[in-house]
Amino acid sequence: MGEDVRDLLILGAGPAGLTAGIYAARARVDCVVLEKGIVGGSPLLTDVIENYPGFPDGITGMDLAEKIQTQAEAFGLEIRTLTGANAVSAGPEGFVVETDDEPIVAGSVIVATGAHPNRLGVPGEADFTGRGVSYCATCDGAMFKDKAVAVVGGGDAAVEEALFLTRFATKVTIIHRRDELRAAKILQERALANEKIEIAWSSRLVRIDGDQVVRGATIANVDSGEESVLEVDGVFIYVGTVPNSECVSGLVDSDERGFILTDDRLATSARGVFACGDVRASHLRQVATAVGDGALASVGAQKYLDELAAQQ
Ligand code: NAP
């Protein structure tokens, strides 16, 4: 088989990568999107997205992913799922992307690989993952019908998913390390008004207890150190995200947490490599910002490819 050479390679088929792909396909750029899992990105882990304009009744992450994919493929965009990009390096012919299949050479690369849930690292967390500990209420929530669960975190994800879990659980305790939530005010209002939600303020999760499955969670007050036990069958952890930037580590500059640094055109420190969406160092990570990022990165990559062609 001959070498696979493309003008543009987009890594990741979440909202950012797919939007970059839509713009590239419409510009008739020879482009392929590689996705290590399935199409959709982090919205797939969300029940309903209420703050993405154009959907006044909200839209599920699954439906939104399907719509974006349909739109992208209508313009002829090639999307390869279950094909991860393992490493990107600069070679004489362009960027060489090592994939789960054959390597691909590309003139320009857009990194839209997103982020994955942060782990807390408390005793019991790893042991009970899949046996009561979860990072995805949309995936696992229904298993906790008529049971009590805890949610760790105070951001948008924690509060939104705590609200979602009230559909199944009898009681949802949010464990938050401060006395104030970080989540959007509208989510806070809903959580505070929901009779099934209780908040363990200024508390940290000490450990997750159980036998074959989770049976409880020990928490401690951060001021007094006093410990107490929550009788829960599930613990959902939403304490931020970690960027999926390993494939370009060493190639591009990133911040201390691994989020890729970009300029205002979303170019990285490696000329010809752009980054967009949740993997990028930014102040806000939403579907709305991801799609804007995707458009900007795609136009930046196209301009770079034009400059490259003009030099040849
Ligand atoms: P986030 O906004 O970074 O919030 C993380 C939460 O976890 C914070 O409340 C933080 O506490 C807590 N936390 C972090 N490390 C911790 C630790 N070691 N122990 C205990 N608690 C810890 O993350 P996120 O909620 O996962 O959201 C990620 C991004 O996606 C955000 O930009 C968010 O806006 C976006 N998102 C948006 C929506 C929406 O708009 N509907 C939904 C989901 C996610 P502190 O508050 O004390 O720092």
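Every number for a ligand or one of its atoms is a count from 1 in the order of the listing.
Using a 4.0 Å cut-off between a side-chain N of Lys or Arg and a carboxylate O of Asp or Glu, Asp209 and Arg215 do not qualify as a salt bridge. Between Lys147 and Glu231 there is no salt bridge, since no side-chain N of the basic residue sits under 4.0 Å from a carboxylate O of the acidic one. Salt-bridge annotation for Lys303 and Glu307: present, with a side-chain N of the basic residue lying under 4.0 Å from a carboxylate O of the acidic one. Using a cutoff of 4.0 Å between basic side-chain nitrogens and carboxylate oxygens, Asp293 and Arg280 are scored as salt-bridged. With salt bridges taken as basic N to acidic carboxylate O contacts below 4.0 Å, none links Lys171 and Glu195. The existence of a salt bridge linking Arg190 and Glu50 is confirmed by a sub-4.0 Å separation between a basic side-chain nitrogen and an acidic carboxylate oxygen. Salt bridge annotation for Asp101-Arg80: absent, with no cationic side-chain nitrogen under 4.0 angstrom from a carboxylate oxygen.
The cationic atom of Arg119 (NZ for Lys, CZ for Arg) lies less than 6.0 Å from the six-membered ring centre of Tyr135 and within 45° of the ring axis.
Of the heavy atoms in His176, only side-chain atoms (C-beta onward) come closer than 4.0 Å to ligand 1. Looking at Asn51 against ligand 1, only its side chain comes within 4.0 Å, counting heavy atoms. Residue contacts with ligand 1 for Leu120 involve side-chain atoms from C-beta outward but no N, CA, C or O (heavy atoms, distance under 4.0 Å). Contact annotation: for Arg285 versus ligand 1, heavy atoms closer than 4.0 Å belong to both the backbone and the side chain.
Considering only non-hydrogen protein atoms, atom 38 (C) of ligand 1 sits nearest to Asp156 CB, 3.5 Å. Here the protein heavy atom with the shortest distance to atom 46 (O) of ligand 1 is Arg178 NH2, 2.8 Å. In terms of protein heavy-atom proximity, atom 5 (C) of ligand 1 is closest to Gly240 N, 3.5 Å. For atom 8 (C) of ligand 1, the closest heavy atom belonging to the protein is Arg182 NE, 3.7 Å. When hydrogens are left out, the protein atom nearest atom 37 (C) of ligand 1 is Gln286 NE2, 3.2 Å; that is the closest non-hydrogen contact. Of all protein heavy atoms, the one closest to atom 28 (C) of ligand 1 is Thr241 CG2, 4.5 Å. Annotation: atom 41 (N) of ligand 1 to nearest protein heavy atom, Glu160 OE2, 2.7 Å. Looking at atom 15 (N) of ligand 1, its nearest protein heavy atom turns out to be Arg177 NH1, 3.6 Å.
Atom numbering of ligand 1 starts at 1 in the shown order; those under 4.0 Å from a heavy atom of Tyr238 are 6 (C), 7 (O). Near Gly154, the atoms of ligand 1 lying under 4.0 angstrom from a non-hydrogen atom of the residue are 6 (C), 8 (C), 9 (O).
Screening Asp278, Asn244, Thr241 for a side chain to side chain donor-acceptor pair (under 3.5 Å) involving His116 leaves a single residue, Asn244.
One hydrophobic cluster, built from ILVMFWY side chains closer than 4.5 Å, cannot hold both Val232 and Ile199; they sit in different ones.
The heavy atom nearest to atom 13 (N) of ligand 1, considering only Leu45, Val239, Asp47, is found in Val239. For atom 25 (O) of ligand 1, the nearest non-hydrogen atom from the set Ala157, Ala158, Ala115 belongs to Ala157.
Within the 4.0 Å heavy-atom cutoff, Arg204 does not count among the residues contacting ligand 1.
Contacts classified as ring pair (Phe, Tyr, Trp, His ring centres under 6.0 Å) and involving residues 254-312 (residues at least two apart or in different chains) are not found.
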